[in-house]
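Worksheet: one structure, shown below.
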Amino acid sequence: MTPSSDLDLEDWMDSTANSYDIYVLGFQEIVPLNARNVLGPRNSCISTKWNSLIGEALNKRRRRGAVLHQEITNSSATERSAQEEHFRCIMNKQMVGIFMSVWVRSNLRPYIHHLNVSCVGSGIMGYLGNKGSVSIRFVLHETSFCFVCCHLASGGKQGDVLLRNFDAADILVRTRFPGGATQELPKKILDHDQVVLLGDLNYRISLEEAETRLLVEDKNWSILLENDQLLIEFSTGRHFDGWQEGLITFSPTYKYHPNSDQYYWCFDGALGKKKRAPAWCDRILWRGKGLKQIQYDTCNYRLSDHRPVRAVFHAECVIRGDADCACGCIALSSSSE
């Protein structure tokens with residue numbers, strides 16, 4: 001999905017609040033998952049466009065502030081202070097339709113090291129990149145972070161949940177990072193101190209579609225969530241041991257009619273697979289000591305048939321001497337089918 005040049009992401013990213021130190025954004029299906037895109041050369045035009053829009057949203061307010069301060073005070077010290085508030089992209093990576101971009105405040109960048117990326121394809125034949133993950137890790141001071149953007153197996157048929165479970169487990173096993181020559185570094189996702197997993201996990205609701213639609217119409221989230229496949233996996237302990245998710249208080253994130261607030265099945269003209277029952281496909285999970293979620297909601301952007309989900313975390317980082325420092329972190333997820 002190619003974003004329009006005038007798309008404003010400030011509300012989505014809450015960038016006017018000026019409260020966060022790190023932004024992590026994950027996208028799925030930014031390009032159609034056809035044979036040309038899966039097997040051919042990477043089409044980076046769309047990811048470049050998204051990254052440009054992200055940078056504009058994060059730094060628009062800082063540029064306005066710098067100009068205003070300069071006009072009022074003409075102070076070089078004030079101008080330097082504004083520059084310190086500038087956000088920089090420290091890493092972005094695209095694998096077919098999966099794209100992740102990490103941005104940090106400029107004055108935080110000197111304390112970030114051992115920045116690496118790892119991609120795992122779990123789609124066609126179990127290895128192609130139409131499904132899978134892009135993972136970015138770094139060490140901030142003495143605390144290691146890993147962010148995993150996933151697109152798991154789709155489908156609402158009986159047994160499809162097992163494919164999603166397999167994809168998630170496979171990503172955790174196959175993702176590898178360099179260990180470092182002079183410092184012992186985590187090599188696998190679960191070895192990191194703090195981990196956030198976000199994306200189109202594709203878990204559905206284990207009810208008949210007609211019953212699911214009635215419950216969605218009534219906004220009966222409690223019964224729907226009792227039958228949410230991912231929460232069932234949490235409760236049984238078969239998968240996602242040690243992971244956490246915030247309380248879901250928002251509407252199912254899929255499947256919407258484009259450019260509207262109505263689900264696709266509400267339209268009489270929608271036929272076949274487009275009339276899939278709603279589900280919370282888009283999720284953000286986390287694990288690790290010192291990581292606390294303080295916000296979990298959706299964004300009112302109608303760019304695709306999914307609603308973007310975002311979460312805000314407060315993270316504690318260890319610095320030399322065993323002292324702690326606090327770092328605000330926001331992670332966002334958006335997907336398009």
Side-chain angles (χ1 to χ4, degrees), residues 1 24-44 46-47 50 92-101 117-137 146-177 188-190 195-205 228-230 233 238-240 243 245 252-255 273-274 276-277 279-285 303-309 331-337:
M1 178 186 59
V24 180
L25 295 100
F27 301 83
Q28 303 80 50
E29 293 199 66
I30 64 169
V31 299
L33 301 184
N34 53 40
R36 179 179 179 181
N37 287 325
V38 173
L39 300 173
R42 179 170 58 91
N43 180 358
S44 62
I46 297 177
S47 59
W50 274 112
N92 68 89
K93 181 65 176 178
Q94 178 185 353
M95 182 186 72
V96 189
I98 302 174
F99 173 62
M100 184 154 60
S101 184
V117 63
S118 177
C119 299
V120 170
S122 62
I124 300 170
M125 297 183 293
Y127 280 90
L128 295 185
N130 57 305
K131 293 290 193 292
S133 66
V134 172
S135 301
I136 294 177
R137 78 91 174 269
C146 185
F147 297 92
V148 186
C149 180
C150 292
H151 193 184
L152 305 185
S154 60
K157 302 188 299 296
Q158 186 175 5
D160 285 341
V161 63
L162 301 178
L163 299 178
R164 291 185 269 278
N165 291 343
F166 178 83
D167 280 356
D170 191 44
I171 286 166
L172 295 179
V173 169
R174 290 171 52 203
T175 300
R176 288 287 190 277
F177 299 98
K188 301 171 68 174
I189 291 173
L190 298 184
V195 184
V196 177
L197 185 149
L198 62 157
D200 183 1
L201 306 190
N202 255 320
Y203 285 94
R204 308 303 170 91
I205 295 170
D228 175 80
Q229 291 176 346
L230 180 57
E233 294 303 317
R238 290 192 298 260
H239 295 276
F240 300 99
W243 292 89
E245 183 181 21
T253 62
Y254 173 80
K255 176 181 177 76
K273 67 177 184 179
K274 291 186 176 181
R276 291 167 180 161
W280 285 279
C281 289
D282 309 276
R283 314 288 276 267
I284 300 176
L285 315 179
L303 305 177
S304 76
D305 52 4
H306 288 247
R307 282 293 181 271
V309 175
L332 302 97
S333 171
S334 171
S335 53
S336 167
E337 293 190 23

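All residue numbers refer to positions in the sequence shown, counting from 1. Every value quoted in this text rests on a predicted model; they were computed, and no experiment measured them.
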Exercise. Which atom names give the shortest non-hydrogen contact between Ile46 and Ile30, and what distance separates them?
Worked result: CD1-O, 3.3 Å
Problem set entry | Short side-chain to backbone donor-acceptor contact, Asp167 and Ala153, under 3.5 Å | yes
Seminar exercise, completed: Between the OG atom in Ser304 and the CD atom in Glu29, the distance rounded to the nearest 0.5 Å is 9.0 Å
Exercise. Is there side-chain contact between Leu25 and Phe147, with heavy atoms separated by less than 4.5 Å?
Worked result: no
Exercise. Taking Arg174 for the side chain and Gly121 for the main chain, is one N or O donor matched with an acceptor at less than 3.5 Å?
Worked result: yes
For this session: Nearest 0.5 Å please: distance from the CG atom of Asn202 over to the CG atom of Asp160.
Result: 9.0 Å
Exercise. Heavy-atom distance under 4.5 Å between the side chains of Gln28 and His306, does that happen here?
Worked result: no
For this session: Evaluate side chain to side chain contact (heavy atoms under 4.5 Å, CB included) for Ile171 paired with Val148, printing each intermediate quantity in order.
Result: CA-CA 9 Å; Ile171 286 166; Val148 186; 4.3 Å; yes
For this session: Kindly determine whether Arg283 and Leu152 satisfy side chain to side chain contact (heavy atoms under 4.5 Å, CB included), including the steps that lead there.
Result: CA-CA 11 Å; Arg283 314 288 276 267; Leu152 305 185; over 6 Å; no
Exercise. How long is the gap from CZ on Phe99 to CZ on Arg42, to the nearest 0.5 Å?
Worked result: 9.0 Å
Exercise. Checking Gln94 side chain against Asn43 main chain: does a donor-acceptor pair fall under 3.5 Å?
Worked result: yes
Problem set entry | Atom pair NE2 (His151) and CZ (Arg164), whose distance is rounded to the nearest 0.5 Å | 10.0 Å
Exercise. Are the side chain of Thr175 and the backbone N or O of Ile189 linked by a donor-acceptor pair below 3.5 Å?
Worked result: no
For this session: With sequence neighbours excluded, tell me which residues meet side-chain hydrogen bond (donor to acceptor under 3.5 Å, both in side chains) with Asn34.
Result: Asn37
Exercise. Ile98 and Gly132: which non-hydrogen atoms are nearest, and at how many Å?
Worked result: CD1-O, 3.3 Å
For this session: With side chain to side chain contact (heavy atoms under 4.5 Å, CB included) as the test, would you mind laying out the steps for Ser135 and Phe177 before giving the verdict?
Result: CA-CA 9 Å; Ser135 301; Phe177 299 98; 3.8 Å; yes
Exercise. With side chains defined as the heavy atoms from C-beta onward, is the minimum distance between Leu230 and Phe240 less than 4.5 Å?
Worked result: yes
For this session: Grab the two heavy atoms, one from Met95 and one from Cys119, that are nearest each other, plus how far apart they are.
Result: SD-CB, 3.8 Å
For this session: Check step by step if side chain to side chain contact (heavy atoms under 4.5 Å, CB included) holds for Trp280 and Val309.
Result: CA-CA 10 Å; Trp280 285 279; Val309 175; over 6 Å; no
For this session: For this output row, return yes or no: ring centroids of Trp50 and Phe27 closer than 6.0 angstrom.
Result: yes
Exercise. Got a salt bridge between Asp170 and Lys131, using NZ or NE/NH1/NH2 to carboxylate O under 4.0 Å?
Worked result: no
Exercise. Does the side chain of Lys93 reach to within under 4.5 Å of the side chain of Met100, using non-hydrogen atoms?
Worked result: no
Problem set entry | Minimum heavy-atom distance between Leu201 and Cys150, given as atom pair plus value | CD2-CB, 3.8 Å
Seminar exercise, completed: Between the CG atom in Leu197 and the CD atom in Glu245, the distance rounded to the nearest 0.5 Å is 10.5 Å
Exercise. Does the Arg176 side chain pair with the main chain of Val173, one donor and one acceptor, at a distance under 3.5 Å?
Worked result: yes
For this session: Working to the nearest 0.5 Å, report the span between CD1 of Ile124 and CG of Leu39.
Result: 6.5 Å
Problem set entry | Stacked cation flag Arg276 on Tyr254, 6.0 angstrom / 45 deg | no
